[in-house]
Amino acid sequence: MRAILLGPPGAGKGTQAETIVKEFSIPHISTGDIFRQNIKQGTVLGKKAKEYMDQGLLVPDELTVELVKDRLLQDDCRNGFLLDGFPRTILQADALEDALKSMKQKLDFVVNIEVRKELLVERAVGRRVCSGCGQTYHMTFNKPKKEGICDNCGGELIQRKDDTEETVTKRINVYQEQTEPLIDYYTKKGIVINIDGEKPISEVGKDIVAKMRNK
Ligand code: ADP
Ligand code: ADP
Ligand code: ZN
């Protein structure tokens, strides 16, 4: 299974990725997670990426494309992968297509999670992530058992620096301008699965798996 998750910030891509990768036993490749890890480790890439991420802007394609191409060549991607947060521009999508072609592979699905703009800000601003294991929670919609503490590892839950109302609003606009055109791009290829992302988390997950299994 080779698939992409598409959807605006806060749509539930990371949350649903967990279900999908378990179901199909494929690696979860989140460019946002890779950038955040680089920031944490203080790498050169992390320093560059941070300037853009803090402003709610996309990290330049030159820094993003090579990273993903290298990742897709790793052994665990041989039988498939789930890309989360990549591609985000037409240039990235073209680069992905070329890379897959040279690996004699092709995409099976683009899972497009649809959520109205009005709901996205509340989702992203209420998001909390574990500083230990990266697990995602929501203050209202997906609470941990103990406030502020990760169910999995006991780590402290923190708010992402770019999850303020102002930056989230900016990211949603960037999504509409630069990433939304990809829905058309992939619809023309006949591989888009549209998902109602406004239902509760577990129902969205069931819908996605059912549609991915049905083809
Ligand atoms: P994305 O990766 O698309 O930015 P996340 O998966 O991190 O989105 O979800 C954003 C926030 O919304 C998280 O706090 C998550 O717990 C919550 N969330 C995800 N899916 C739903 C849903 N179907 N209903 C309510 N809240 C959700
Ligand atoms: P969300 O889905 O909530 O927007 P992500 O974790 O996917 O969050 O991305 C966080 C930030 O990382 C983005 O706002 C952007 O700055 C950067 N980023 C992630 N993936 C890409 C990408 N494919 N191209 C450019 N920038 C990216
Ligand atoms: Zn944790």
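We count ligands from 1, going down the list as the structure has it; atoms in each ligand are counted the same way. Owing to the predicted nature of the structure, the values given are computational and were not obtained by experimental measurement.
- Note: an N/O pair closer than 3.5 Å links Gln92 and ligand 2 by distance alone.
- Counting heavy-atom neighbours within 6.0 Å of Lys170 NZ, excluding the residue itself, gives a total above 12.
- For NZ of Lys189, the number of neighbouring non-hydrogen atoms (other residues, nucleotides, ligands) closer than 6.0 Å is greater than 12.
- Closest heavy-atom approach to atom 9 (O) of ligand 2 within the set Arg88, Lys170, Gln178: this belongs to Arg88.
- Here Asp84 does not pair with Lys13 in a salt bridge; the nearest charged N to carboxylate O distance is not below 4.0 Å.
- Protein heavy atom in closest approach to atom 21 (C) of ligand 1: Ile201 CG1, 3.3 Å.
- With a 4.0 Å heavy-atom cut-off, ligand 2 is reached by the backbone of Leu58 and by its side chain too.
- Excluding waters, the protein N/O/S atoms found under 2.8 Å from the Zn ion (ligand 3) are Cys130 SG, Cys133 SG, Cys150 SG, Cys153 SG.
- In terms of polar-atom proximity, defined here as any N/O pair under 3.5 Å, Val59 does make such a contact with ligand 2.
- Checking Arg2 against Gln105 by side-chain atom types alone, a donor-acceptor pair falls below 3.5 Å.
- For the residues Ala17, Ser202, Gly10, the heavy atom positioned nearest atom 10 (C) of ligand 1 is part of Gly10.
- Where the criterion is an N or O separation shorter than 3.5 Å, residue side chain and backbone included, Gly12 meets it with respect to ligand 1.
- Taking atom 2 (O) of ligand 1 as the reference point, the nearest protein heavy-atom neighbour is Gly14 N, 2.9 Å.
- Within the 4.0 Å heavy-atom cutoff, Glu198 does not count among the residues contacting ligand 1.
- One finds the NZ atom of Lys47 at 11.5 Å from the CD atom of Gln41 (value rounded to the nearest 0.5 Å).
- Contacts with ligand 1 closer than 4.0 Å are made by no heavy atom of Gln16, backbone or side chain.
- Proximity to Lys13 (heavy-atom distance under 4.0 Å) selects the following atoms of ligand 2: 2 (O).
- For ligand 1, the atoms lying closer than 4.0 Å to a non-hydrogen atom of Pro8 are 3 (O).
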